[in-house]
> 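Got a structure for you, questions after.
Every chain is numbered from 1, with letters handed out A, B, ... down the list of sequences. Everything numeric here is computed off the predicted structure, so don't read it as measured data.
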Amino acid sequence: MNGKHITKLGFEKKAVGLALAAATLREKAGLERDEILAELRQVQANPAGYTGGVYEALAAELSAQRAELDLKASAALRPAPLPYGVWGADLIEPGARSQMDVAMRLPVTRAGALMPDAHVGYGLPIGGVLATENAVIPYGVGVDIGCSMMLSALPVPVGQLGVEEARALLLRHTRFGAGVGFEGRDREDHPVLHESVWGEQPLLRHLHDKAVAQVGTSGSGNHFVEFGTLRLAEADLGLEAGEYLAVLSHSGSRGFGAQVANHFTTLAQRLHPTIDPAAKKLAWLPLDGEDGQAYWQAMNLAGRYALANHDLIHARLARALGVRELTRVSNSHNLVWKQQVGSQELIVHRKGATPAQAGQLGLIPGSMADPGFVVRGLGQPAALHSASHGAGRQLGRKAAASTLAKKEVQAYLKQRGVTLLGGGIDEAPQAYKRIEDVLARQGDLVAVIGQFTPWVVRMDTGSEDV
DNA sequence: ATGTCC
């Protein structure tokens, strides 16, 4: 008996040595070579059946090798992407298409769509919609879990609130920037902070303090709070046709959501060590597994937390104005939903995409100096009942900073009569696609019912104020 | 997007 006999049976790597060692013991026990080879074949056929005795170590190694192969096979990408709908292909850079192509090759993917504001992101492109079977992809949602929009209309005649007063209200009642929270007496409470879910995971228990400190705030980057004029051409939202003073906000789940995202992305990547490098950032968690369930719970909490941030922002501003909001519209655009697709319940990831079921209200902002739109979904199945979440970048942050001059941005703001507080050059209106173009590409996804024109905007103080 | 570590 030698190594040749063993490798001929198909043993590989560490299993060769272990099989040889076991075979030597059996030879000493007086068995013939053919008898031993027969035993080895049986171990090979059913390693799980050898939990003791001479073959135990070999069987354990075989089981481990098999598990690794299964994992590799389950993580293997399809040779070609599944087909998916693209809205506004002429507005979408090739890099975003490539990222979507990779997502459509995941073994867990069943359907997808790309919205006209799409651009390159981490993992799934921004503007990507991905439906999987029994799998959640943390980077299919992104770092800002639950990132969302809220609009409120106020019973204040347009023109009554002056620019200076609006500026003062935003400076007093909103907070922006990484790590930022309300301090002292300015800090408010919210029911979401008292949900029992916070106690159900060590991670959530750990992040509760941060969530308490940051509730009611806005983040950085493209987050904003602005006063503007809402125009309704026809009666809707429980309001008569006409013009209303309105507040529009874009915020997310702040440091809490970011840490949830990073934690579960790490777990997902650890679960798929052999995944194709092109899809590494799309590593998933089985939804019926412990980690997948934990992500689901934490993600939905982050979604409610993000809406709580908006809730407090709008409530504060209305209170400061001494009024009660007439109506509110809100939607999350970074989240996962269970959704019926054909005959199947799929796990629909929207990463920068507005849910747009038939009749569903949504908000699609333009840029700091362009109008945003209140829309009603048309329920397009091929788009998985989705629409764009904004205009979408046409220049990356670095490209915007190196291409655009402050003067150009200031001229754009002046022309549109917009007063800006904070805001970096990388958020310049010129860094975004034309919202009119983006809307024109999704006429079969949403119908516009209202237009919001901003006139005082607050954003984070970027690296370079405009 | 976030105060670079869950």
> Checking the side chain of A/Gln430 only, and the main-chain atoms of A/Glu408 only, is there a donor and an acceptor separated by less than 3.5 Å?
yes
> State whether the side chain of A/His349 and the backbone N or O of A/Leu130 hold a donor-acceptor pair below 3.5 Å, judged by distance alone.
yes
> Which residue lies toward the 5' end of DNA chain B, A/Thr266 or A/Phe256, if each is placed at its nearest nucleotide?
A/Phe256
> Distance check: side-chain N/O of A/Arg254 vs OP1/OP2 of B/dA1, anything under 4.0 Å?
no
> What is the separation between atom CG on A/Asp460 and atom P on B/dG3, rounded to the nearest whole Å?
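Distance, rounded to whole Å: 11 Å.
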> Inspect the contact between A/Asp236 and A/Arg376 and indicate whether a charged nitrogen and a carboxylate oxygen are less than 4.0 angstrom apart.
yes
> At a heavy-atom distance below 4.0 Å, what parts of residues 207-225 of chain A sit against DNA chain B?
A/Lys210, A/Gln214, A/Gly219, A/Ser220, A/Gly221, A/Asn222, A/His223
> Fit a plane to each ring of A/Phe264 and A/Tyr295, take the angle between them on a 0 to 90° scale, and name the class: parallel (under 30°), tilted (30 to 60°) or perpendicular (over 60°).
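The rings of A/Phe264 and A/Tyr295 stand perpendicular, inter-plane angle above 60°.
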> Does NZ or CZ of A/Arg393 lie under 6.0 Å from the centre of the six-membered ring of A/Tyr432, at an angle within 45° of the ring axis?
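Yes, A/Arg393 sits over the ring of A/Tyr432.
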> In terms of relative ring orientation, are A/Tyr305 and A/Phe256 parallel, tilted or perpendicular, with 30° and 60° separating the classes?
perpendicular
> To the nearest angstrom, how far is A/Gln259 atom CD from B/dA1 atom C1'?
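These atoms are roughly 12 Å apart.
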> Any ring-ring contact (aromatic ring centres under 6.0 Å, His included) pairs touching residues 112-149 of chain A, not counting sequence neighbours?
none
> Taking the six-membered ring for Trp, are the ring centroids of A/His250 and A/His333 within less than 6.0 Å of each other?
yes
> Describe the nucleic acid contact of A/Arg205 in one word from base, sugar-phosphate, nothing, applying a heavy-atom distance below 4.0 Å.
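No contact.
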> Rounded off to whole Å, could you give me the CZ-to-C1' distance for the A/Arg397 and B/dT2 pair?
12 Å
> What is the distance from CG of A/Leu203 to P of B/dC5, rounded to the nearest Å?
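Rounded to whole Å, this separation is 15 Å.
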> Could you identify which residues of residues 116-128 of chain A place a heavy atom less than 4.0 Å from some atom of DNA chain B, listed by residue number, or say none?
A/Tyr122
> Starting at CZ of A/Phe176 and ending at P of B/dG3, how long is that distance when rounded to a whole Å?
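Answer to the nearest Å: 15 Å.
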> Tell me whether the guanidinium CZ or amine NZ of A/Arg458 lies under 6.0 angstrom from the six-membered ring centre of A/Phe227 and within 45° of its axis.
no
